[in-house]
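Scroll down for the structure; my scribbles are underneath it.
The chains referred to below are lettered A, B, ... by the order of the sequence lines, with proteins before strands, and numbering in each begins at 1.
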Amino acid sequence: MPRSDYAVRAAGLQKRYGRTTALDGLDLAVPYGMVYGLLGPNGAGKTTAVRILSTLLRLDGGRAEVAGYDVTRQPRLVRRRIGLVGQQTAVDDVITARDNLILFGRLFHVDRVTARRRADELLEQFGLAEVANKPPKAFSGGMRRRLDLAASLILAPEVLFLDEPTTGLDPAGRREVWQTIADLTDRGTTVLLTTHYLDEADRLCDRIAVVDHGRNLVEDTPDGLKRRIGNERLEIVAAEPNDLPALAALAAKAAGDGREPTVDELTLSVSIAVTDGVRALTEVAAELRAQSLAVADLGLRRPTLDEAFLHLTATANDATERTAA
Amino acid sequence: MTVIDDSMLDDSPASRAKWAIADSWTVVWQEIKHLIRQPSTFAWQLGFPIVVVLMFVYVFGSAMDVSGRGPGEDYLDYAMPGLFAMTMAFGFMNTAFPVALAKEKGFIDRFLSMPMSPSAVVTGRGTADIIHATVDLLILIGIALVLGWRSGGSLAATVGAFGLLLWLRLALIFVGIYLGLLVKNTEMAGNLFALAFPFGMISSVFAPPHLMPGWLGAIAAWNPVSATAGAIRELFESPPVQSGYWIEEHTVTAAILWPLVISVVFLPLAVRRFQALRK
């Protein structure tokens, strides 16, 4: 029985290193069973947050509960209920993959017989049974990371922390690890992961908290985040560079509200934010036919998470500057 | 599946102590498995001291008059205890480097996020290092015997001499843990050899300090490595060496006290450094 509705709850987390403020009042609420992403640039405080929640760092202010226990007052109870996969792959490269899992099992205070059984189960589950008796130094990056993940799951943790799980992996390794994380979450494990890869957050997470300078910027679903920076954009790609001014005028008329289109002369594209995407699209299409203008492409698209992120960071920073001024 | 339940969690001091020891042994076993899987570790770590001792015995030693009985005389008896002491002195690198590696690779983070006893991370390391150093000494004794070295002391004195060597190594474990946690990465840990080299060599390991320039001789004579080297020569009943410094008259006492002083300074430093990981 969960002791709280939330696997992770944090309020006003503060952490300073000398004069640097790593966390400046970060709040988090992660319900059980969710894959929750902390998204932000390097230095945003993501890793610090994970280190505090996994009892590796002391808090300077605020409070945090993981699996219903206070990280400051009950760290030992927290440690029995979490798994941590840090930025580096923390497996022993010399002893075999199986011995690695037995080692960690023993250090999780699992008895010898159970540790062996659990090691074999996890090797099977993570597709490492065939290399069980080989040392990880011969493994690919993706395989080592999978073993690393397996080691954090020995006690079937209530909350799994993944700090940049695919940083440093090649594309094949990233896909492998993504698949493994997706399998885990199908089994209901609560995951808190940090990433600065937007596609990763988009792909894996149910909800995303965007953080910067140790503060929350916004929290939403991946789709919600994309919607948040405004609506869809209408994009027209010209067939001829000379058509660009005419197309820009067309787009501005269709979007209305006195909006200005963005014209990219390199890609010959005109794009503009629109409130009613379908109406604007049909209007432009009709005008193009009426004026017999040929275009290379015409369409509606959602902003990418990259654009969402840049936009959110910029607006938040503007707000801060205004407050400061 | 659930492997945990709260009835398993006994937070009494007795239970904590029991787990501290159990976890420590688990870490020791990991290290022993390392040595079994990579016996070449010994070759890498002992290669340098062995090559150096062979050079001194067969190249420079023939010109050195250590006992006043003529150049080259008694040099093997002088240099072999020096080799033992120097290997123990360089041993802090064998502690510092793995500690730095464990920190760099996130191993220490993983351990500290687990319900294991945090102190086992370092006590396990230290115990494994003493076992490692014992094997080092057994290998070196074998080499010394092949070269013709013999202990002239009683069995008890000879065993006592090896006890003093491990006593020095134990003190240097705290130095190694401290330095391993202090340095930023393994690259910097590798550079610690710049520290190890003069520490091992500016000593009575290969040449008597009274043959060195005055100030250097004084440093060499007071070096903890010299204290241990001198003490074990005495216990092995090596031919007496002319001494030029007060401390050389009290080597056994010095070999007991020096490591104690080092431990008293570096054990708290290492503990503080370890606790600072959570700051």
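Separating the CZ atom in B/Phe107 from the CG atom in A/Asp92 is a distance of 4.5 Å, to the nearest 0.5 Å.
Look at A/Asp93 and B/Lys105 and you find a salt bridge, because one of the NZ, NE, NH1 or NH2 atoms lies within 4.0 Å of a carboxylate O, short of that distance.
Between B/Leu112 and A/Arg79, the closest side-chain pair of non-hydrogen atoms is not below 4.5 Å. In this structure, A/Leu84 and B/Met114 have side chains that are not in contact, with every pair of non-hydrogen atoms separated by 4.5 Å or more. The shortest side-chain heavy-atom distance between A/Gln88 and B/Asp109 does not fall under the 4.5 Å cut-off.
Heavy atoms only, all atoms of each residue included: A/Ala90 and B/Gly106 are closest at CB-O, 3.5 Å. Of all heavy-atom pairs between A/Leu56 and B/Ser113, the closest is CD2-N, 3.8 Å. For the residue pair B/Gln38 and A/Lys137, the shortest heavy atom distance occurs at NE2-NZ, 3.5 Å. Heavy-atom minimum distance, A/His109 versus B/Pro115: CE1-O, 3.6 Å. Among all heavy-atom pairs drawn from A/Ala151 and B/Arg110, the shortest one is CB-NH1, 3.5 Å.
For B/Gln30, the parts lying under 4.5 angstrom from a heavy atom of chain A are both the backbone and the side chain. Heavy-atom distances place no part of B/Glu31 under 4.5 Å from chain A, backbone and side chain included. Looking at A/Asp60, neither its backbone nor its side chain comes within 4.5 Å of chain B, counting heavy atoms on both sides. Residue B/Ile36: no heavy atom, backbone or side chain, is found under 4.5 Å from chain A. Neither the backbone nor the side chain of A/Phe161 comes within contact range of chain B; no heavy atom of the residue lies under 4.5 Å from a heavy atom of that chain.
In the displayed structure, B/Arg278 atom CZ is contacted under 6.0 Å by more than 12 heavy atoms of other residues, nucleotides or ligands. Within 6.0 Å of atom CH2 in A/Trp178, more than 12 heavy atoms from other residues, nucleotides or ligands are found, so the atom counts as buried in its surroundings. The number of heavy-atom neighbours closer than 6.0 Å to CZ of B/Phe56, taken from other residues, nucleotides and ligands shown, is above 12.
A distance-only check finds a donor-acceptor pair linking the side chain of B/Arg37 to the backbone of A/Val94 [under 3.5 Å].
For the set A/Thr89, A/Ile82, A/Ile102, A/Asp99, the count of heavy-atom pairs under 4.5 angstrom toward chain B peaks at A/Asp99. With chain A as the partner, the residue from B/Lys33, B/His34, B/Lys279 showing the most heavy-atom pairs under 4.5 Å is B/His34. Of all the listed residues (A/Leu57, A/Thr55, A/Leu107), the one sharing the greatest number of non-hydrogen pairs under 4.5 Å with chain B is A/Leu107.
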